[in-house]
Amino acid sequence: LQYVVGRRLTINYGFNILDKSKSNFFIGPKIGLNYLKVDESGTQRLIGESEVYDYSDNYWDSNKIGIGLFLEYDRKVFTDNISIFFSIEPELVFLTKLGLLDLKQPNIIGLINFNLGLKINLPKKTENE
């Protein structure tokens, strides 16, 4: 059984706990809605039979809730409007409803995203502009 992340919709909110003139460190909760591509293959034997069967299946497993943590560090470069950032976002995705067990597949999978990029902060308009 293999899960491959297909599409994700996530929302996070970070609290700035460093707040220096050139650096920021954000930490906060994350929640997501996941659409997973499942690529499943293996062998099985029916109860009471001696023959083993191979099977293969590909399907989408949709609307799976995930919760996690948002960690991001950014450092201003060149000007105060441009910064480079690095973030780590670990998340647990619940494949079955809470309290239900499915012995054929995992109940929870863990995902982790690493992001590195450039941020451009647009200047805020004042009332006089």
Side-chain angles (χ1 to χ4, degrees):
L1 182 65
Q2 177 184 5
Y3 283 88
V4 179
V5 175
R7 295 176 179 92
R8 305 177 73 209
L9 172 65
T10 61
I11 297 172
N12 55 39
Y13 185 82
F15 299 94
N16 190 356
I17 61 172
L18 184 60
D19 201 17
K20 300 285 184 178
S21 63
K22 293 283 184 184
S23 301
N24 295 303
F25 183 69
F26 299 95
I27 186 170
K30 172 184 176 177
I31 188 166
L33 189 60
N34 299 278
Y35 299 89
L36 306 171
K37 177 71 172 163
V38 180
D39 182 15
E40 185 176 31
S41 61
T43 59
Q44 67 182 6
R45 183 181 356 192
L46 298 176
I47 296 174
E49 291 190 20
S50 60
E51 210 170 317
V52 176
Y53 301 96
D54 291 329
Y55 69 93
S56 179
D57 199 5
N58 292 318
Y59 60 93
W60 283 94
D61 208 357
S62 58
N63 298 325
K64 300 303 176 187
I65 299 292
I67 58 171
L69 186 62
F70 171 73
L71 302 163
E72 180 182 295
Y73 175 78
D74 73 30
R75 173 92 178 154
K76 293 180 178 133
V77 293
F78 307 122
T79 69
D80 285 341
N81 294 341
I82 299 175
S83 59
I84 56 173
F85 75 94
F86 176 72
S87 70
I88 300 172
E89 301 175 12
E91 182 178 1
L92 293 175
V93 178
F94 299 92
L95 301 175
T96 58
K97 293 181 181 177
L98 293 177
L100 295 179
L101 294 177
D102 186 351
L103 300 177
K104 295 185 293 184
Q105 67 179 6
N107 295 319
I108 298 173
I109 60 172
L111 305 172
I112 187 164
N113 291 322
F114 296 95
N115 303 300
L116 177 65
L118 191 63
K119 257 200 260 189
I120 299 173
N121 297 318
L122 301 175
K124 294 179 184 177
K125 288 188 175 184
T126 60
E127 291 181 21
N128 297 335
E129 294 183 83

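Hydrophobic cluster membership is shared by Leu69 and Leu18, with clusters built from Ile, Leu, Val, Met, Phe, Trp and Tyr side chains linked at under 4.5 angstrom. There is a path of hydrophobic side-chain contacts, each under 4.5 Å, that joins Phe86 to Ile112.
Of the possible donor and acceptor atoms, one in the side chain of Asn34 sits under 3.5 Å from a partner among the backbone N and O of Lys64.
Within 6.0 Å of NZ on Lys22 lie more than 12 heavy atoms contributed by other residues, nucleotides or ligands.
Listed here is the closest heavy atom pair of Phe70 and Gly14: CD2-CA, 4.1 Å. Of all the heavy atoms in Thr10 and Lys30, the pair that sits closest is CG2-CE, 3.7 Å. Closest non-hydrogen pair, Leu118 versus Phe85, comes out as N-CE2, 3.7 Å.
Side chains of Asp19 and Asn24 form a contact here, defined as non-hydrogen atoms less than 4.5 Å apart.
For the residue pair Asn63 and Tyr35, a side-chain donor N or O sits within less than 3.5 Å of a side-chain acceptor on the partner.
Atom CG of Leu92 sits about 13.0 Å away from atom CD1 of Ile65, to the nearest 0.5 Å. Annotation: the span from Asn16 atom CG to Phe26 atom CZ amounts to 4.0 Å, rounded to 0.5 Å. Between atom NZ of residue Lys119 and atom CD1 of residue Ile84 there is a gap of 11.0 Å, rounded to the nearest 0.5 Å. The line from CD1 of Ile82 to CG of Asp74 is 12.5 Å long, rounded to the nearest 0.5 Å. Taken to the nearest 0.5 Å, the CG atom of Leu9 stands 10.0 Å off from the CD1 atom of Ile31.
Contacts of Ile17 classified as side-chain contact (heavy atoms from CB on, under 4.5 Å), with partners at least two apart in sequence or in another chain: Phe25, Ile27. Every residue meeting the side-chain contact (heavy atoms from CB on, under 4.5 Å) condition with Asp54, not counting sequence neighbours, appears here in chain and number order: Thr43.
Screening residues 75-85 for side chain to side chain donor-acceptor pair (under 3.5 Å) gives Ser23-Arg75 as the qualifying pairs, with residues at least two apart or on separate chains.
With Ser87 as the fixed residue, the side chain to side chain contact (heavy atoms under 4.5 Å, CB included) test singles out one of Leu71, Asn115, Asn113: Asn115.
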